[in-house]
Amino acid sequence: MKRYLKMTPEGMKDFLFAECSAMDDVCGRIESVFTSRGFKKVITPGIEFYDVFSLPCSGISQEEMFKLTDNKGRLMVARPDSTLPIARMVSTRLQNNVMPVRLYYKQAVYRSNPTLTGRRNEMMQMGVELLGVQGLRADLEIITTAVQAMKAVARDFRIELGHAGVFDALSAELDINDSYKEKIRLSIEGKNYSALNNLLDKLEPSRAVSAIRRLPSLFGGEEVIGEARAICEGTKAAQALDYLHTIYANLTSLGLGDKLIIDLGLVQRNDYYTGVVFTGYINGIGDAVLSGGRYDELLSEFDVPMGAAGFAIDTDAVTLKTLADESVSYADNPAVLIFAPDGCEMQAIAEAERLNSVGVKAQFSVLPTIEETRAFAARRGIAKVMTVGEATDK
């Protein structure tokens, strides 16, 4: 039987040196945004009961989850999502807390991607959840927090805005089942015009069919709202468009310019999101690095109905992009390597501590001779070797 002693499982990886420094830097900058806006950190278990993620609205298929059993034979999963465990936590540990409550997290999620397609099975995420409140103020707080988080880690980014109510209202007018609706949604989300047209061509022509056919192409600035109103006139989608317009008009005061985009083809997991939805992209990264929105019905599944909104950031993707930036260095070499002859070790350690306290990165050499210390410094590219103390007679 083959033993996998020197391999990591597919879709997993070790992080070394500069990668860890870059990850700490990226996460630290995002965390500063979250804490400055009053969000408090929580950590949920890495292993949860399968039932937490088996809700119809979870949007996570069985095949995506890593499953195991405990010593009582109960089905467990490695955490595939952070929002659902936080909903569980709020419904139990925080059900008597004064609302609204602002929470943030930094933790890994695990999802099986059989083809991988550039994605890993283990992914570090940071995100926030604002629970116990609905309305414009709450949505603006969540989206502007997302904007500030993106600004903290990237110069060239964009935020795309949509509203789950647009597709929900239009698809409700179609005589289709949930499975067919999901196929249409996926075609719109992937901007797969051919698949979308094939699905819609099988339906009776109607105003809703014509409007849905246009959704993937309704992408751009404020003019998109006007175009969408023209094709959605008389439907319940108009109310969602009015609200989206209000959100957009408020956000333009941030001076985002063309970084702020309306995308009515943004129809992610409409059985989960109930209002405004948004994604964030960084130039040079193909997939969205941030996604979120309003999900007011999720907490009802845990018997504590309340308004809720949040977003998550793929910090792994941001870290890899940061490492590729040649203008940023995460070199971990000390400026000075300090050697001490026998009997002077504590003197050298004290000198290293003193230099570090005044901003000079120093490190005590654990090698036994000055020759080995100098050779190590040369191989590592450490510019300076310092000797502290005098050798004692043996």
Side-chain angles (χ1 to χ4, degrees), residues 22-23 25-27 29-30 33-34 59 81-83 106 109 111 113 116-120 123-128 139-140 142-164 166-167 185-193 215-225 244 247-248 250-252 254-270 272-273 275-295 309-325 327-328:
M23 177 71 79
D25 179 31
V26 166
C27 291
R29 284 184 267 166
I30 295 171
V33 172
F34 292 170
D81 171 85
S82 290
T83 298
K106 181 180 76 171
V109 295
R111 293 200 187 187
N113 296 292
L116 295 185
T117 60
R119 297 177 179 268
R120 297 196 300 112
M123 180 173 64
M124 182 62 72
Q125 285 185 341
M126 293 189 71
V128 301
D139 286 343
L140 290 175
I142 280 293
I143 299 171
T144 55
T145 300
V147 170
Q148 291 302 316
M150 293 288 276
K151 281 184 175 180
V153 296
R155 292 189 187 91
D156 193 356
F157 68 91
R158 72 179 189 272
I159 298 289
E160 298 182 0
L161 298 171
H163 197 295
V166 175
F167 177 72
R185 186 192 70 79
L186 288 172
S187 298
I188 297 171
E189 185 179 44
K191 296 193 183 299
N192 188 335
Y193 295 94
L215 288 183
S217 62
L218 292 173
F219 179 92
E222 192 170 13
E223 72 282 355
V224 168
I225 297 292
L244 182 60
I247 291 282
Y248 180 85
N250 277 276
L251 294 176
T252 53
L254 296 176
L256 294 172
D258 58 4
K259 286 183 169 63
L260 185 62
I261 296 168
I262 294 172
D263 182 2
L264 295 184
L266 189 59
V267 289
Q268 51 186 336
R269 290 172 61 185
N270 280 69
Y272 178 91
Y273 289 111
V276 64
V277 291
F278 54 93
T279 55
Y281 291 85
I282 292 175
N283 187 34
I285 302 177
D287 291 328
V289 299
L290 180 150
S291 63
R294 175 153 295 281
Y295 52 95
F311 65 83
I313 302 175
D314 179 355
T315 56
D316 283 355
V318 179
T319 296
L320 292 175
K321 178 66 169 62
T322 302
L323 282 168
D325 186 348
S327 67
V328 180

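All values below come from the heavy atoms of this structure, side chains included, with hydrogens, waters and symmetry mates left out. For the single chain, residues carry numbers from 1 onward in sequence order.
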- request: Could you walk me through whether Val224 and Phe219 pass the side-chain contact (heavy atoms from CB on, under 4.5 Å) test, one step at a time?
  value: CA-CA 6 Å; Val224 168; Phe219 179 92; 5.6 Å; no
message: Does Asp325 form a salt bridge (Lys or Arg N to Asp or Glu O under 4.0 Å) with Lys321? I'd like the steps, not just the answer.
response: CA-CA 7 Å; Asp325 186 348; Lys321 178 66 169 62; over 6 Å; no
task: Test Met126 against Val318 for side-chain contact (heavy atoms from CB on, under 4.5 Å), laying out the working first.
output: CA-CA 11 Å; Met126 293 189 71; Val318 179; over 6 Å; no
query: Given the rule in the side-chain contact (heavy atoms from CB on, under 4.5 Å) test, do Ile143 and Leu161 qualify, once you have shown the distances and angles that lead to the verdict?
result: CA-CA 9 Å; Ile143 299 171; Leu161 298 171; 4.1 Å; yes
field: Worked check of side-chain contact (heavy atoms from CB on, under 4.5 Å) between Leu264 and His163
entry: CA-CA 7 Å; Leu264 295 184; His163 197 295; 5.7 Å; no
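Summarising the geometry of Thr315 relative to Met124, their closest heavy-atom pair is OG1-O, 3.0 Å, with the distance given to 0.1 Å. Considering every non-hydrogen atom in both Thr319 and Ala22, the closest pair reads CG2-CB, 3.8 Å. For the pair Tyr295 and Gly310, the tightest heavy-atom approach, listed with the atom from each and the gap, is CE2-N, 3.6 Å. Scanning both residues, Met123 and Arg120, for their nearest heavy atoms gives CA-NH2, 4.3 Å. For Ile313 against Ala149, the heavy-atom pair with the smallest separation is CD1-CB, 3.7 Å. Of all the heavy atoms in Leu266 and Gly162, the pair that sits closest is CD2-N, 3.9 Å.
Of the residues listed (Val33, Leu256, Leu260, Leu290), the one engaging Val147 in a side-chain contact (heavy atoms from CB on, under 4.5 Å) is Leu256, and it is the only one.
Both tests do not hold together for Lys151 against Phe157: distance to the six-membered ring centre under 6.0 Å, angle to the ring axis within 45°.
Summarising the geometry, atom CD1 belonging to Ile142 is positioned 8.0 Å from atom CZ belonging to Arg294; distances are rounded to the nearest 0.5 Å.
Remark: Asn283 engages Asp156 in a side chain to side chain donor-acceptor pair (under 3.5 Å) (not counting sequence neighbours).
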